[in-house]
Amino acid sequence: MISTQDWADTQRLWDYHQMGHTLRPCSVAIGLGSHDLGVADTAADLYRRGMAPLLVFTGATSPTTRERMPRGEAVHYQERAIELGVPASAVLVEPRARNTGENIRFSRDLLNEAGIAVSSVLLISKPYEERRSYATARKLWPEVEIVSASSPMTLQDYVDSIGDARLVIDMLVGALQRLLIYPEQGFMISQKVSAEVIASYERLCQDGFTSRLLRDSEGQALTRAH
């Protein structure tokens, strides 16, 4: 049972995870691989709107995408974008990355090797991964401007698209945990998190939405050092 309070807390996390950036033309758009082909759809739409002259899709496979995307996330994204009318010449593929940090580093290196000057990046992710992607990119590629983007949808739209409300809440909680602990591990810049967001996160953890939390060797959820 998902209570009214659970939904209110989930909405607060959903709102926090989105950066609310105003879209503008950038040197390149980078689509971060995942199970969600909507990232490729959004990238193709932004390309058609003139927001970037070049798309980079980055991602290998994971346990959640191996069956659906056997050729790798980036390759399936590339195929989807071309199907939607993006010319093949406007798409680069980075097929090795297995986490957000590698998505950023390997895409940066690919563009450097291709001799493509980059001053700004339109970073396209799942809606609830905007802030995590932004914070990671700012840490690993500080010299470029990052504009965050994702498929424009409400929390309810996203729950309907996934078809599993509890899983969506678990993912939002897990993404928030990473924003809290990864800066101390050097994986991303620190982001201000309000007391209200922390309270929502803690209530959802207490209510059992914990399947996507990172844990230590004893099975305890990792938390920030104090």
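The structure displayed is predicted, hence computed values, not measured ones.
- Counting only heavy atoms from C-beta outward, the side chains of Val28 and Leu55 never approach each other to under 4.5 Å.
- Judged purely by atom type and a 3.5 angstrom limit, Thr154 uses its side chain to pair as donor or acceptor with the backbone of Asp157.
- Hydrophobic clustering (ILVMFWY, side-chain heavy atoms < 4.5 Å, transitive): Val93 and Leu54 are in distinct clusters.
- For the pair Ser151 (side chain) and Gly38 (backbone), a donor-acceptor distance under 3.5 Å is present.
- Neither Ile30 nor Leu46 shares a network with the other; the hydrophobic side chains, linked directly or stepwise wherever heavy atoms of I, L, V, M, F, W or Y lie under 4.5 Å apart, form separate groups for each.
- Criterion: ILVMFWY side-chain heavy atoms under 4.5 Å apart, direct or through other members. Under it, Met19 and Leu13 are not part of a common hydrophobic cluster.
- Separating the CG atom in Leu92 from the CG atom in Leu111 is a distance of 6.5 Å, to the nearest 0.5 Å.
- Remark: Asp15 does not engage Arg12 in a salt bridge, criterion side-chain N to carboxylate O under 4.0 Å.
- In this structure a side-chain-to-backbone donor-acceptor pair under 3.5 Å is missing from Glu94 to Phe106.
- There is no path of hydrophobic side-chain contacts, each under 4.5 Å, that joins Met69 to Ile162.
- A donor-acceptor contact shorter than 3.5 Å is absent between the side chain of Arg96 and the backbone of Thr58.
- Leu167 has its side chain within reach of Arg212: a pair of non-hydrogen atoms, C-beta onward, lies under 4.5 Å apart.
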Apply ring-ring contact (aromatic ring centres under 6.0 Å, His included) to residues His21 and Tyr134 and explain how you reach the verdict. CA-CA 11 Å; His21 286 171; Tyr134 172 82; 5.4 Å; yes
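- The two residues Ser133 and Leu32 have their closest heavy-atom pair at OG-CD1, 3.2 Å.
- The shortest side-chain heavy-atom distance between Val118 and Asn112 does not fall under the 4.5 Å cut-off.
- Inter-residue side-chain proximity for Lys139 and Tyr182 is flagged as unmet; no heavy-atom pair is nearer than 4.5 Å.
- With a 4.5 Å cut-off on side-chain heavy atoms, Val147 and Cys26 count as touching.
- Heavy atoms only, all atoms of each residue included: Asp41 and Arg80 are closest at OD1-NE, 2.6 Å.
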Could you check Asn103 against Thr100 for side-chain hydrogen bond (donor to acceptor under 3.5 Å, both in side chains), going step by step and ending with a plain yes or no? CA-CA 5 Å; Asn103 286 142; Thr100 306; 4.5 Å; no
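- Of all heavy-atom pairs spanning Gly72 and Thr61, the tightest one is CA-CG2, 3.5 Å.
- Rounded to the nearest 0.5 Å, atoms CZ (Arg138) and OG (Ser148) are 10.5 Å apart.
- In this structure, Ser120 contributes its side chain and Ser27 its backbone to a donor-acceptor pair below 3.5 Å.
- The two atoms that bring Ile146 and Ala137 nearest to each other are CD1-CB, 3.8 Å, heavy atoms only.
- Salt-bridge check for Arg166 with Asp170: failed, with every basic side-chain N at 4.0 Å or more from each acidic carboxylate O.
- You'll find the side chain of Leu179 reaches within 4.5 Å of the side chain of His17, heavy atoms only.
- The side-chain heavy atoms of Leu140 and Met188, taken from C-beta on, include no pair separated by under 4.5 Å.
- Lys126 pairs by the side chain to side chain contact (heavy atoms under 4.5 Å, CB included) definition with Ser34, His35, Asp36, Val39, Tyr128, Glu129, Tyr158, not counting sequence neighbours.
- If you take CZ on Arg132 and CZ on Phe187, they are separated by 10.0 Å, rounding to the nearest 0.5 Å.
- Taking 4.0 Å as the cut-off between side-chain N and carboxylate O, Glu145 and Arg24 count as a salt-bridged pair.
- Annotation: the span from Leu122 atom CG to Leu23 atom CG amounts to 6.0 Å, rounded to 0.5 Å.
- Checking Gln191 against Arg131 by side-chain atom types alone, a donor-acceptor pair falls below 3.5 Å.
- Of all heavy-atom pairs between Ala74 and Pro95, the closest is CB-CA, 4.4 Å.
- Residues Ser3 and Asp6 bring a donor and an acceptor atom of their side chains to less than 3.5 Å of each other.
- The closest side-chain donor-acceptor pair between Glu73 and Thr65 falls under 3.5 angstrom.
- In this structure, CG in Asp9 is found 16.0 Å from CH2 in Trp14, a value given to the nearest 0.5 Å.
- Val86 and Ile116 are not part of a single hydrophobic cluster, where members link through side-chain heavy atoms under 4.5 Å apart.
- If you take CZ on Arg105 and CH2 on Trp141, they are separated by 12.5 Å, rounding to the nearest 0.5 Å.
- Here the closest heavy-atom approach between residue Phe209 and residue Val173 is recorded as O-CG1, 3.4 Å.
- Within the 4.5 Å cutoff, side-chain heavy atoms of Tyr47 are placed close to those of Pro87.
- Using modelled atom types, no side-chain atom of Gln11 and backbone atom of Trp7 make a donor-acceptor pair closer than 3.5 Å.
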